[in-house]
Amino acid sequence: MVSGNLFHCRKNSWPPEEYISRTTLQLFDFDSAAPPEQAWRRRLNSHANILKEFSVTFTEAIKMVRLGIRLWSYIREEASHGRKAPIDPFTRESCKPSASQGVPLGGMGSGSISRGFRGEFRQWQIIPGICEASPVMANQFSIFISRDGGNKNFASVLAPGQHEGLGKAGDQGISSWGWNLSGQHSTYHALFPRAWTIYDGEPDPELKISCRQISPFIPHNYRESSLPTAVFVYTLVNTGRERAKVSLLFTWANSIGGISQLSGDHVNEPFMTAKGNPPVTFAIAACETQNVSVTVLPCFGLSEGSRVTAKDMWGRMVKDGQFDRENFNSGPSIPSSPGETACAAVSASAWVEPHGKCTVAFALAWSSPKVKFLKGSSYHRRYTKFYGTSERAAQDLVHDALTNYKRWEEDIEIWQNPILNDPRLPEWYKFTLFNELYFLVAGGTVWIDSESSTSNMRNDQHQLVEVENTDVKVTDAKVDGRQDAVIEHTTDSSGVKDKDEAVIANCSSKNESVVPPKKRYSNCSLHPFKMLDPQNENDDVGRFLYLEGVEYIMWCTYDVHFYASFALLELFPKIELNIQRDFAKAVLSEDGRKVKFLAEGNCGIRKVRGAVPHDLGTHDPWNEMNAYNIHDTSKWKDLNPKFVLQVYRDFAATGDMSFGVDVWPAVRTAMEYMEQFDKDNDGLIENDGFPDQTYDAWTVHGVSAYCGCLWLSALQAAAAMAFELGDRSFAEKCKRNFLRAKQSFEEKLWNGSYFNYDSGSSSNSKSIQADQLAGQWYTASSGLPSLFDDFKIKSALMKIYDYNVMKVKGGRMGAVNGMHPNGKVDESCMQSREIWSGVTYGVAATMILAGMEEEAFTTAEGIFIAGWSEEGYGYWFQTPEGWTIDGHFRSLIYMRPLSIWGMQYALSLPKAILEAPKINVMDRIDISPGSGKSSHNETGVRKIAKKASCLGNSVFHCAC
C-alpha cells in the first residue's frame, strides 16, 4: 500500500493552465466542458513524428536466418489461401506509424475507430484481425461562423494542417474545403474514455469552443460498455459583442478505412449484401433542440462526376450554414461506382448571443452485428443482445447515445474520481493508468453474444450441430450459412426527450457505411451462434477476445494475458472469469492436426491435452487454437503455471466458489502435465535449452529464475486451491513438491543479491532479469505467503532497480529485460536488450507489494517518460511491447502494458484478499505419511460443488 503523502512534493507537471488560458477555463467551468485537472495533453500544432522501428543486429539475423526462411514460406502459403499469417515481420503498412494517436471511440468488442489528437479518424478495426491505419480525411468536424453585420465570417475544418492538393484549380474534393486552423491556440486533453479538444479563439478569436468526446466504457456495466458508439459534445461561448450564427458540420465517408470507400456499390440508404465480409452500417446524428436546428445532406462525392461534390457541399455551408430541410424526404442515392467515394453530412446550427453559451451534441455509431472469421465460424456481437441485428441498430444506437451520454459521464466520474483525487499518487500515473485502457477498445477486441441472449431475439433462428472429429477431440458449435434476407419498411423516428430530436444520417454497404434519408431502415435476420455450456443467464456476459497486438494477430495470447489480466479483473471481472473458463476447457482438449514449428522445422500436433494453449487462435478462435507456430508451446514452461496462478488469483479476489469448482479439473491437469519437466526429481521444472517461455527469442538452460519462480508460486497456489476445494491429497502433494522445489531453486540460483538468469553455463546465465520475481508478484497479489524471505525479495528488487532501471539513461526508459552484473546490457538476443513496457509495470507492482513504493513509481515513470511524455518517443495510445535503449519500438498497440493495472491492484488489494484469514495456508496442509502416491480426491470437491450449486457444469476425470 502507498504510504501517506509519499508523493506530496511531486509537481503537477501537466496543469491545464499551461495549455489553456485561465479565462477560457473559467468560461467552460460548467457541464464538464472544461478538461480535467489530470489529463494527457498536446497542442494541436505539435509535430507527429514518424516512429522508428527496431532492427535486428547482424549476429541476431544470422541466428534467425532459418526461422526467417520458414516464416516467409509460411506467410506466402497463408496468403495463397486468402489469410494473413498471425506474425508477419516482412510486410509493412503503407501508412507509416506516427506519434498522432488519441483516445479511441466506442465500447469494447464491436469494432473500433481511433481518433488522433489532431482530430483525424484513423486506425480502423471493424473487421476482426484487420487494422487499417490510414486516416479517412473526409471524416471531419468543421465550423462556419457569421456575425451580425456580416463583416466577420469564418469557415474552417476543425483540424490543423494543410491537405494535399489544397488550392488546386478545379479541385472538387476535400482539398477545396477551408483548412485554415493552425492549431497554435488549440489543445487536446485525454483521459480515457473521454477526450477534450479546446479551440481557444480558433478560428474565430471571439468564439471559444470545447469538443468533448465520450465513449461508453463503464466498468462493471456489461451492457453499455459493448456499444459501438461515441458522442461529441460541442460547447460554444461567444465572447464578442455581436451575436454569432454558428454551424457545426459532421461529414462522414462510406468507408471502414484504407481504400474501402473506393470499392463501389455504396448506396446512401440502408443496403445489404452477402458478399465478402459482413455488412457495416454507420449512423451520424445531431440533437435538435429549441436552439439548435439540424439538417442533413444524404450524399455527396469527392470527385468531379458526383451529383453533389465536396466543393458544392462546402460552398452551400459557407453561404447558408445549413442544408435543405427537404433532404429528409429524399430517396436512396445512386450506387457509387468503383473508385468513387460516397459521403454524407449532418449540420447543426445555432445563434449564440453576446457572452452567451450553447451546447450542440453529435453522435456516431457503427453496426457490424455479425463477426465472421476467415475459416468460417460466425457469431453475433454482444451489443446485438440489446439492439438486434438489423441496420436499424445503428440508428437506435446514436439515438440512445444522445439520450444517455450524461449518465455515462456520471458513472465514469464515479469510477475515476477516487484515483484522480488521491493526493498520494503522482499525476502522470493517474492519467496514464486510465489511458493505457485504450487497448481494451483499440486492441482488436471482439465481444460476442451467447445462446441465452440470441435465442430470444425476434426473427432469429438457430441451429446447433455437434461434431466429433477424430483428430480434434472437442465438441464444436456451428451455424447455418444461408444468405441474409433483407426487408425494407418505413417507421416514424422517435424524439430524444424534452422535445429534443435526434436527426440521424444512417449508412450501410457491402462492407462499409452510407447515409439514407430520414425514417427508413432495413431489417434482416442472421443465424446466431449457440454457445455450448452457457453460464447462468443472469451472469451471462458473452465471450471476449482481444489480440496480443495489431501486429501479432492471435486472440487472448495467454502468456501476455498473464500481465494484462489485472485490468479485466479490476474492471470487468465476469469477462476475466469467462476467459479463464475458456482456457480451462482448452486444457482438457486435444487437437491432433499436424503443425510445422518454424524455429526448428519439426512437426507436432496443434494442441496437446494438459498443455495450456498459447492463444485461442486467429482465423477460427476457440475451435482452432495455437495460431502461434514459432515454437511448440506444449513444451513451454510458463504457460501452465501462469494458468494456475491466474485462476487462483481470480478465485481469491472474487471469492467465486462456483468458478473455482468449474476450473479445478483443468488446474489439476495442468499441474500434473508439468511433472514431465522435472528431470532430476527435485520438485522443480527445468527449461530445455531453447526459448521455451514468453521471451521466445531468449534461450534458457536448466533451472531459470523466471519459469522456476512461476512454478514455485503455482505449486503454492495449487496447494491452497486444492485445500480450499477439499482435494486434500493433491494439496499435500503440491506442498511437498513446493518445499523440495524451493530449496533446489534457492541453492541453484540465489547468488547473495539476486537470482541468476538460469543455472546453465552460458555467457548470460548470471544476468539480472527484470522479470525474475514474476511468481512472487502473483503470490503477493493472491494473499499467499511470500515465496522467499523479505531480504531476498527486496535485495533482488533493489538489484533490478539499481541496474536494469537506473543504469539505462538514469531510469528514464523503464527496466531493460537483461543486465550483466558488470552494468552492461545483456545483448545475447534482441529480447534481452529490450525494455518491455508491460514487464516494467509488473516489476513496479511487485515493488509496491514489497513495500518499495518510491522505487516502484520511479521504475514505472520511465515508461511514461519514454512512451507518453513530450520528450519521449511518441508511443501514446499505441504503447508497444517494447523498445530498445535508443527508443526504437517493436510491436505497437500491444496487450502487455495493461499490466499498469497490476500496480493499481497492488495499491488497493481486493476486499476478499484483505479480509482473508491471516493464517499461512501452507501451515494448514498436513503432509500425512504415505501421501506421496497421487490419487484424485473428488469427494471433498463434490461437497463444495454441491454447496455452490454448480456441479452440473463440472466434469471430474483423470488426466491420461
Using the side chain to side chain contact (heavy atoms under 4.5 Å, CB included) definition, which of the options Thr309, Asp312, Val308 pairs with Phe300?
Val308
According to the interplanar angle, ranging from 0 to 90°, do the rings of Phe141 and Phe362 count as parallel (below 30°), tilted (30 to 60°) or perpendicular (above 60°)?
perpendicular
Considering only heavy atoms from C-beta outward, does the side chain of Asp31 approach that of Lys357 to under 4.5 Å?
no
Criterion salt bridge (charged side-chain N to carboxylate O under 4.0 Å, His left out) on Arg194 and Glu413, from CA distance to verdict:
CA-CA 10 Å; Arg194 296 189 292 175; Glu413 289 173 3; 3.3 Å; yes
Evaluate the ring planes of Phe282 and Trp366, with Trp represented by its six-membered ring, and classify them as parallel (under 30°), tilted (30 to 60°) or perpendicular (over 60°).
tilted
Can a donor-acceptor pair be found, under 3.5 Å and without considering hydrogens, that links the side chain of Glu120 to the backbone of Met137?
no
Nearest heavy-atom approach of Leu181 to Pro203 is CD1-N, 4.1 Å
So, are Lys245 and Asp148 salt-bridged, with charged N and O less than 4.0 Å apart?
no
Reported CG-to-CD1 distance for the pair Leu207 and Ile145, which is rounded to 0.5 angstrom:
5.0 Å
Please check if the distance between the ring centroids of Trp40 and Phe434 is under 6.0 Å.
no
Find out whether Thr187 and Tyr199 are in side-chain contact, i.e. whether some heavy atom of one side chain is under 4.5 Å from a heavy atom of the other.
no
Between Phe154 and Phe144, does the ring centre distance come in under 6.0 Å?
no
Check Arg407 with Glu224, please: is the shortest side-chain N to carboxylate O separation under 4.0 Å?
yes
Measuring centre to centre across the rings, with the benzene-like ring taken for any Trp, is Phe121 within less than 6.0 Å of Trp252?
yes
Tyr188 and Phe117 aromatic ring geometry - parallel, tilted or perpendicular at 30°/60° bounds:
tilted
Is any NZ, NE, NH1 or NH2 atom of the basic residue among Glu206 and Lys152 found under 4.0 Å from an Asp or Glu carboxylate oxygen of the other?
yes
